[in-house]
2 protein chains.
Amino acid sequence: MAAPLPAAPGGSRGRRARRPSGDDRERAILATAEDLLGQRPLPDISVDDLARGAGISRPTFYFYFPSKDAVVLALLDRVVEEARESRSAALRRAGDDVRASWRGALEAVRGTFAAHRALTAAAASLLATSAEVRVLWAAIMDGFVEETAAAIEAERARGAAPAGPPARDLAVALNWMNERVIHVTYAGQTPALAEDDLIDVLLTVWLRTVYGTDTPGTAPA
Amino acid sequence: MAAPLPAAPGGSRGRRARRPSGDDRERAILATAEDLLGQRPLPDISVDDLARGAGISRPTFYFYFPSKDAVVLALLDRVVEEARESRSAALRRAGDDVRASWRGALEAVRGTFAAHRALTAAAASLLATSAEVRVLWAAIMDGFVEETAAAIEAERARGAAPAGPPARDLAVALNWMNERVIHVTYAGQTPALAEDDLIDVLLTVWLRTVYGTDTPGTAPA
DNA sequence: GAGCCGCTCGACACCGTGTCGAGTACCGTG
DNA sequence: CACGGTACTCGACACGGTGTCGAGCGGCTC
């Protein structure tokens, strides 16, 4: 919401070299986008809506962003970063209790997406049309997969988890499962899970897949 | 490809009451769509392209279909039916060997989607914008989930599978995992699995989730 | 041969996108 | 204080896609 960005020069995404002034406008566009996305789906929002909402004309909008998609991408950048950090933090915390650790990671991702449903829905619709969004999405999923695969390998190394397919392969399947199940659940699609059962169910699949049991760390050698 | 449709009156989907003649045109449009989808993504195909490909003018196209989306929906109807039947058949076959039975179901769905990659990609892009496609997709996933849930419950009842979360909840998670993993793998996105490993990995997750082991039927009482 | 019906398309209205070029306001510098 | 530049603004335009309307045409039936 806040995040003043004192004078960050390197625009990570391609959008535009930022200048001290006019910066308010850029933020106004972003804010308008976030606001409108809470009201209706992305395809029903035009560049004109965004411009008007930010108090500027349509051509002026193009001075700040090359397209409607770029606005969503900018918004998404922030959320993706938030999800990544929140997940890594959860994984770092709770080092002892294995089960709690996995649960924390699940919970972190779920939390981030739940907090930004509208944006996530918009991202999903862009996934089909925007190569940039696809790249961004692939990057975050890749990060999750790497992290997960490393964790599985560690558990196998210490004898807590049985062998099986490459850890990375399992990680790919599990993480995509999360992505989709969380998405359909929060987007109100069917078949979905009850929001309250989400984490329990996903955790069960993760634990059984990795350890073969719901209660790792209690029985094995 | 063939499927003459002798004179089927009840257009399942909303498209239009069908008349004996002009039927060739309808098929030509469908064929053109399938063809063009093999060349470029759906958003890059206009109604005009479809019409020209079928040898008619754009307004005439609207005599046969209410929109571009409806064409894809019609195509999708057939494929969805194919997937459903192929999966049910696989589940019916191989009654004894549990593992083979699950594998067959996985294989059936994979096969159908692999055979229609382009269409599946188009469906994915419509999922974001077309309520009808969403309903159709929800329906097929629901069918898979029901079938899966029943199978899990049967396994639990005969003591082959351990208790745990509601069978339906596990079924939801597992089937969405399949959907997504198959999709990213065949759409060439990342992170994905190698096409050859797909089934093995998914099967492992399914078996471990349902039974807690890769080799059901060998150990338990 | 009159009339209907399935079918066809030219022409049109509409909407959203993206661009171009003519401004304006404000800056620092001479 | 002019002067030139630069950040920014927007009216007007061109384009491409969608969907509709109404006139026309060919074959069938009575």
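Heavy atoms only: backbone and side chains are in, while hydrogens, waters and symmetry mates are out. From a predicted model like this one, the values you see are computed outputs, not experimental measurements. Letters A, B, ... are given to chains in the order of the sequence lines, protein chains preceding strands, and every chain is numbered from 1.
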### Task
Using whole Å, report how far CG of A:Asp24 lies from C1' of D:dC8.
13 Å
### Task
Round to the nearest Å and state the distance from A:Lys68 atom NZ to C:dG18 atom P.
9 Å
### Sidechain-backbone polar pair: A:Lys68 side chain, A:Ser46 backbone, donor-acceptor under 3.5 Å
no
### Query
D:dG19, D:dC10, C:dC9: which one has an atom nearest the side-chain heavy atoms of A:Pro59?
D:dC10
#### Entry: Test: A:Arg117 and A:Glu195 ion pair at under 4.0 Å
yes
## Note on the structure
Separation of C:dT17 atom C1' from B:Asp44 atom CG, nearest Å, is 15 Å
### Nucleotide nearest B:Tyr62 (side chain, heavy atoms from C-beta), chosen from D:dC21, D:dG19, C:dT17
D:dG19
### Query
Does any non-hydrogen side-chain atom of B:Asp48 lie less than 4.5 Å from one of B:Phe61?
no
### Message
Looking at A:Thr190 and A:Ala192, would you say the former's side chain and the latter's main chain have a donor-acceptor pair under 3.5 Å?
### Response
no
### Spacing between B:Asp69 atom CG and D:dG17 atom P, to the nearest angstrom
16 Å
### Task
Taking only the side-chain nitrogens and oxygens of A:Thr60, find out if one of them lies under 4.0 Å from OP1 or OP2 of D:dC8.
no
### Interatomic distance where CD1 belongs to B:Ile56 and P belongs to C:dG6 [whole Å]
17 Å
### Query
Expressed in angstrom and rounded to an integer, what is the separation of B:Phe63 atom CZ from D:dC25 atom P?
18 Å
### Message
Is it the case that the base of C:dG16 and the side chain of A:Arg58 share a donor-acceptor contact (distance under 3.5 Å, atom types as modelled)?
### Response
no
### Message
Measure OH/B:Tyr64 against C1'/C:dC9 and give the value in whole Å, please.
### Response
12 Å
### Protein-nucleotide distance (B:Phe65, atom CZ; D:dG19, atom C1'), rounded to Å
16 Å
### Message
I want to verify a distance call: between D:dC10, D:dG19, C:dT17, whose nearest atom is closest to the A:Val47 side chain?
### Response
C:dT17
